[in-house]
Amino acid sequence: MSIISLKNVSKFYRNKKSISTGFSRINLDLEMGEFVVITGESGSGKSTLLNVISGLDSYEEGEMYIDGEETSHYTEIDYENYRRTYIGNIFQHFNLVNSYTVRQNVELVLLLNGCDERAIKKKVDEIIDVVGLKKYKNTKASKLSGGQKQRVAIARALAKDTPIIVADEPTGNLDVKSAKSILKLLSEISKKKLVVIVTHNYDQVEEYATRKISMSDGKIIEDKKLKSYEKCDAELVSYDDLIFKNKLKLGFRNAFNIKTKFALLFAVYFFLTLLVFSEYSNIQKQDFSNSLGGYNSLFYVNDPERVVVNKKDKTAFTEEEIEKLRNVENVDFIEKDDLMLDANGTIYDEHYSFYSMVSFKRKNELDHVDEGELGKANNEIVVESYKDSYIKYYLDEFFTKSYNLQLENIDNIFKVEISGVVYNDSDDDGVTVYISDKMFEDIKTMITNKKNKISFEIDDRNPGMISNDAVMVRTSSKVKEGEVFIPAVWSNACKNYDCVESLLNVSTSNIYYTEEMELKIANLINKENYKNFVEANSYEEVADVVFLNTNDYARLFEKGDYQISLFLDDLLKADETLKFLEDTGYDYYFMKDNLVNMNEQIMGIIKIFRNVIFIIATAALFFISYFIIKIILKSRNVYFSTIRILGATKKVSNSLLNIELLVDINVAFLVFLVLTYLTRIDVISWKFISDMVKFFTFKDYVMVYLVLTLMSLCISNRYAHKLFKDSVMNTYREEV
Ligand code: ADP
Ligand code: MG
């Protein structure tokens, strides 16, 4: 059985306007062991015939048999397999990869066909030796003479070890001497193979040829047996696809081995990286500044830098722990008296409310006053005031009167005197007053008290619960330790309506602790006697108050700092600090993340709008870079059609291109990372970069990296798709 057999095969070329005949109605049987020479004038169809035989081009009519198998139903994949196992091509124009060395060119065909590099090393060297190019092993193909190039091409065809070698005018570009030696070489390697060679110069091959075929006008006009040949069988070596390791190897090699192409792609990708990053950072920047606006309904001080912290085990902070937190990087300062930050009150006299929304600081934070004096008494306070306010005209009256200071949501009234004023420059809506440590602690305890759930129970003489949310607990100097004064109306709960000498159980709890104590009821406060026992302006003020000794009161409410506030230096580094808190055993409430923006909806729309613009801009960048990269990659068409001829599948070629471009984009990305790193550690100053990286976290780098990688993959797939739409020969023809 003939290895290749053509029955009435015709090949037409369809152009847009016309159809031309490559050859028509050819009948031909080719046997293993033959050395067939095809001659004929130019345009007679020799090349077309060779291309059809080697599966590089399809045919239109008739049937071609390979080893007896019909091929009219062959798909592109079948042809790929056929080319891979049966055909070694040698072309007039050599068709080498010019940027590869001799070795790499020969090795390429084996790698593409799934061989492992180490396994073939010896074979490659031997073959290079056979074609007499040992000295040029590591020379780039572009540096070789025509004869040497053709030897490389032969070496390549040999390396694959296929039963059929097809050579289209292999000596067409060579001088007489090199042509002779090439043909001699071909004849030597052709033992046990089928060699089909097209030549203009029949004389040169006559001595080797076993058969001569002459063509004219697309037909065989002569088919002459010249001498006998040794019949043999086709020995097929089966090959696989390129293995992953070698895909990477070739991809890297391709990325770097043409310097100008690499530089151009790098430039494009670097700019692409810069642009995508700067676009992305713009979004981040705006998100960030938007996130700072807004307010929080739970806290009075809602600076975005504030982080309210407590311990996971709900115990109080020790001084040591607070000190440690104070030294954490990015912590600007710590407010131990966290509850006091959110305390606010009103200062008024019988006529006016002078200040509302007053917040409190300790007097010892002041080192001077601008008017009056600091004041030594517990009830003397210093107020902060806007420099140009009317206060200065009323100072005398200011300093001599007495005022009421009342906390929001708390009935208790402090009688205070203003002893001094400090001026500030800003016209803030709140006012700060500086108060004595004693008053500060009192207010703090009062707020704790207010936040606690307190319940009272009178002992077993006549057990009864007094449940009244309005009940307040206060101190009085008249109450002895262990005793308590209660409102007279509670007597209903006691036997004989008399509670004196009974025991009152007071228990208090909040999210951090519970505390309980038993106190002896020493007195009942009523409208008539209240002035003798407690300090109050009116009876209404004390009607629902339980009075304790200061020490007992402290035992219930002064339990230490369960909750403190940190203020951050740099909001952009907040994530790290919060993670540290989390890992160190703290719970936190980060103000910036809990601000409600009034214009949430508008913001949402703006955000969507911005993201759409980002996507459009990225798409525009994609098309621009695709356009540029396409031009740069045009120089790669030869490479990809070459490897296709050598047996690379579409999939393999596609992934080689993917790797090639990914390497480029990774290099560009890496260079960008190095640049940002260098700007971060202040080795170089590039404002454009330092401005945008401020807003990046690790997540953002990953995000941009993914966008870029995706873009790169899209570009190479699009390109590959176009490149592979056409048959091998058509793509190749277009390029050479
Ligand atoms: P040869 O190799 O013998 O010089 P070819 O096989 O190249 O001849 O060409 C045979 C015929 O097919 C010629 O008439 C030529 O014009 C035509 N032909 C070859 N290639 C193409 C092509 N790509 N498109 C259209 N016609 C072609
Ligand atoms: Mg030709």
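Numbers for residues simply follow the sequence, beginning at 1. In each ligand, atom 1 is the first atom listed, and ligand 1 is the first ligand listed. These figures come from a predicted structure and were not determined experimentally.
- Close contacts between ligand 1 and Gly43 involve ligand atoms 1 (P), 3 (O), 4 (O), 8 (O), 10 (C), 11 (C), 13 (C), 14 (O) [criterion: under 4.0 Å to a heavy atom].
- Residue contact check: Ser42 has heavy atoms under 4.0 Å from atoms 4 (O) of ligand 1.
- Excluding waters, the count of protein N/O/S atoms less than 2.8 Å from the Mg ion (ligand 2) comes to 1.
- The environment of Asp217 atom CG is sparse: at most 12 non-hydrogen atoms of other residues, nucleotides or ligands sit within 6.0 angstrom.
- A donor and an acceptor atom, one from each side chain of Asp700 and Gln284, are located under 3.5 Å apart.
- A salt bridge does not link Asp175 with Lys180: every distance from a Lys NZ or Arg NE/NH1/NH2 to an Asp or Glu carboxylate oxygen is 4.0 Å or more.
- In summary, Asp116 and Lys245 engage in a salt bridge, as defined by a charged side-chain N under 4.0 Å from a carboxylate O.
- Residue Thr71 is tested with Tyr59, Tyr82, Tyr65 for a side chain to side chain donor-acceptor pair (under 3.5 Å); the sole match is Tyr59.
- The ligand atoms of ligand 1 that sit less than 4.0 angstrom from a heavy atom of Thr48 are 5 (P), 6 (O), 9 (O), 10 (C).
- The shortest distance between side-chain heavy atoms of Ile213 and Val37 does not fall below 4.5 Å.
- Each of Glu222, Lys219, Lys224, Lys46 was compared with Ser214 under the side chain to side chain donor-acceptor pair (under 3.5 Å) criterion, and only Glu222 meets it.
- Counting heavy atoms under 4.0 Å from ligand 1, residue Asp168 does not touch it at all.
- Residue contact annotation: Thr21 has a non-hydrogen atom under 4.0 Å from ligand 1.
- Among residues two or more places apart in sequence or in another chain, the salt bridge (Lys or Arg N to Asp or Glu O under 4.0 Å) test is passed with Lys261 by Glu660.
- Within 6.0 Å of atom NZ in Lys227, more than 12 heavy atoms from other residues, nucleotides or ligands are found, so the atom counts as buried in its surroundings.
- Note: no N/O pair closer than 3.5 Å links Gly22 and ligand 1 by distance alone.
- With a 4.0 Å cut-off on non-hydrogen atoms, Ser20 touches ligand 1 through its side chain and not its backbone.
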